[in-house]
Amino acid sequence: MASLLDAYQLVHDGVVALSVVERNGMRIDVEYCKGKIDWLDWKIAQAERRLKATQLYYAWDARYGSKLKYSSAPQLRSVLYADLHVKPFKQTEGGEESADEESLRQTGVEGIDHLLKMRKYKKVQDFLRGFLRYEIDGRIHPSYMLHTVTTYRSSSSSPNMQNVPKRDAEAMEICRRAIVPSLGCQILEIDFSGIEVAISAVYHKDPSMIRYLKDPTSDMHADTALDLFMLQGLNTKLKDMPGGPTLRQASKNGFVFPQFYGDYYITCAFNVACNWLKLPQTRDWRAGDGIKFNGAPIAGHLVSRGIEALSDYEEHVRKVENNFWGRRFPVYKRWRDSWHRDYQRTGGFEMLTGFRCFGVFGRNQVTNYPVQGTAFHCLLWTLIQLVNRTRGWRSKVIGEIHDSVLFDAHPDEVAELVALTKQVAEVELAKNWKWIIVPMRVESSVSKIDGSWASMRTVE
DNA sequence: GGAACTCGCCAC
DNA sequence: AAACGTGGCGAGTTCC
């Protein structure tokens, strides 16, 4: 196990390496940004024109007139929850009625769609404006900090390059198109696959989790999906069936990962029902036209198995949760309990990388911090090696996003960079830290020559 | 007029 | 027992 001095050395070397990354900076397409910002102005104005013909705008204008601000949550709250007598869907942290996207969609008020469009395009515009704000000679030089985060992860600012849209296809395309390689070069991104799950295993050492990680033919998310959607007994692999990949994704993002972070069955059931099964407000499963499996709505299948309302599904997910922790990953569960008990006794804990956390933390924080921190330290160690061993290359490390490294890569060096990163991350890392007892894997994707960060294809 | 706070929302 | 972890940032708002 690593000492406190080892932890210090990692931060020291990390700061030095990241200073090189900052100096390298990344090229942005200034003319593209300017043109797109204007286009977004037009899109925002278009959405505003449409909003102005709706019930929502009518009520908003009636109360606020010339003081109306589309981005004011307090104004929107008054209009919706006082004037239009909408029933609040949930509260904010500060105890107010929420006006976030989820709550707004629940209201069913005419005009909400246009307001959300305005919000979205404004948000995208802010990213492009942020790039231009920090542009010098066609490049930006985002800062990377190692001293700001409780878990000893990194953070990024000025601009923050660690939260550029990816999930929403349109927002992703618009924002990432702005990030381009040096002339004649390519953007190369290499990321650890599933590193937080792997790192959790080096702490809890749950044998069935380790089996999943070591056996590439096994699939934890698919197996859990069978429980979640009552599909046990299939004779074909879930992934190979129509709708199977979607069910697997629902299981992964709606149940497995939230459970690892400390979520519980009530919210998991609700989110799976709303986001994947498309459970309508009537709470009638049959009315849903959500994801299909083998051509039929999965909601219909669940109805045929006696799940007729959300409360039935909650009860089912409670059993899935009990099975998940009690039968599938009991050792993981026991680790969380004992890790938390030790924290309660001592007031702190130490990561395998030597970093120490002392303070007042909740249970989920205590069990999540070591995983999140240690996973990042694997990336940081790799990045340090890459920066130091590519000195004098035409390719440069230009960024880092918690479990991935970004290069501005010369075409002649792409293959070498991929090979070097694989060697460092998949072989040398585990030699440096003997406690890495599960396989580490990286995946690479690359843009075309002179192509932007928006169009990345997998490297075989 | 600026500091501090809340809210909403993007990433991993 | 507790109930999804970590950030940065823009905008609005409140406080001094």
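These numbers come from a predicted model, not from an experiment. Below, chain A is the first sequence line, B the second, and so on; all start at residue 1.
- For A:Arg363 and C:dA2, the CZ to C1' distance is 8 Å, given to the nearest whole Å.
- With hydrogens and angles left out, the side-chain atoms of A:Ser155 and A:Gln162 include no donor and acceptor closer than 3.5 Å.
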Side-chain atoms of residues 371-380 of chain A: list all donor-acceptor pairs with protein atoms under 3.5 Å, sequence neighbours left out, distances to 0.1 Å.
unit_1: A:Gln372; atom_1: OE1; unit_2: A:Thr151; atom_2: OG1; d: 3.0
unit_1: A:Thr374; atom_1: OG1; unit_2: A:Tyr203; atom_2: OH; d: 2.7
unit_1: A:Thr374; atom_1: OG1; unit_2: A:Pro370; atom_2: O; d: 2.6
unit_1: A:His377; atom_1: ND1; unit_2: A:Thr353; atom_2: OG1; d: 2.9
unit_1: A:His377; atom_1: ND1; unit_2: A:Gly373; atom_2: O; d: 3.1
unit_1: A:His377; atom_1: NE2; unit_2: A:Tyr152; atom_2: O; d: 2.9

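- Between A:Arg119 and the phosphate of B:dC9, there is a side-chain N or O to OP1/OP2 separation shorter than 4.0 Å.
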* Per-nucleotide protein contact string for nucleotides 4-15 of chain C (B base, S sugar-phosphate only, - none; heavy atom under 4.0 Å) -> BBBBBSSSSS--
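- Taking atom P in both B:dC10 and C:dA3, one finds a spacing of 25 Å when rounded to whole Å.
- Under the 30°/60° scheme for interplanar angles, the aromatic rings of A:His12 and A:Tyr8 are found to stand perpendicular.
- No side-chain N or O of A:Thr224 forms a donor-acceptor pair with one of A:Asp227 less than 3.5 Å apart.
- One atom, CE of A:Met118, and another, P of B:dC9, lie 14 Å apart when rounded to the nearest Å.
- Of the residues in residues 320-358 of chain A, none lies under 4.0 Å from DNA chain B by heavy-atom distance.
- Centroid-to-centroid, the aromatic rings of A:Phe270 and A:Tyr313 stay 6.0 Å apart or farther.
- For A:Gln55, there are no side-chain hydrogen bond (donor to acceptor under 3.5 Å, both in side chains) partners at least two apart in sequence or on another chain.
- Atom-to-atom, CG of A:Leu380 to P of B:dC12 comes out at 18 Å; the value is rounded to the nearest Å.
- Protein atom NZ of A:Lys117 is 18 Å distant from nucleotide atom C1' of B:dG8, rounded to whole Å.
- Residue contacts shown for A:Gln259 are absent, as no nucleic acid heavy atom lies under 4.0 Å away.
- We find that CD1 of A:Ile195 is positioned 17 Å from C1' of B:dA11, with the value rounded to whole Å.
- Every ring pair (Phe, Tyr, Trp, His ring centres under 6.0 Å) that A:Tyr369 has, sequence neighbours left out, goes to A:Phe361.
- One can place CD of A:Gln106 at 17 Å from C1' of B:dG8, the figure rounded to the nearest angstrom.
- The only option from A:Phe324, A:Phe260, A:Phe257, A:Tyr212 that meets the ring-ring contact (aromatic ring centres under 6.0 Å, His included) definition with A:His221 turns out to be A:Phe257.
- Note: NZ (A:Lys252) to P (B:dC12) measures 11 Å, nearest angstrom.
- In this structure, A:Ala99 reaches the sugar-phosphate backbone alone: every heavy-atom distance under 4.0 Å involves primed, P, OP1 or OP2 atoms, never a base.
- When rounded to the nearest whole Å, the span between CG of A:Asp100 and P of B:dC9 equals 6 Å.
- In the model, A:Gln125 has a side-chain atom that pairs as donor or acceptor with a side-chain atom of A:Asp41 under 3.5 Å.
- When the local axes at the two ends of the helix from B:dG1-C:dC16 to B:dC12-C:dG5 are compared, using 5 base pairs at each end, they differ in direction by 10° after rounding to 10°.
- Taking a cutoff of 4.0 Å between a charged side-chain nitrogen and a carboxylate oxygen, A:Glu101 and A:Arg119 do not qualify as a salt bridge.
- Under a cutoff of 6.0 Å and an axis angle of 45°, A:Arg177 and A:Tyr32 form a cation-pi pair.
- Remark: A:Arg336 qualifies as a cation-pi partner of A:Trp325 under the 6.0 Å distance and 45° angle criteria applied to the six-membered ring.
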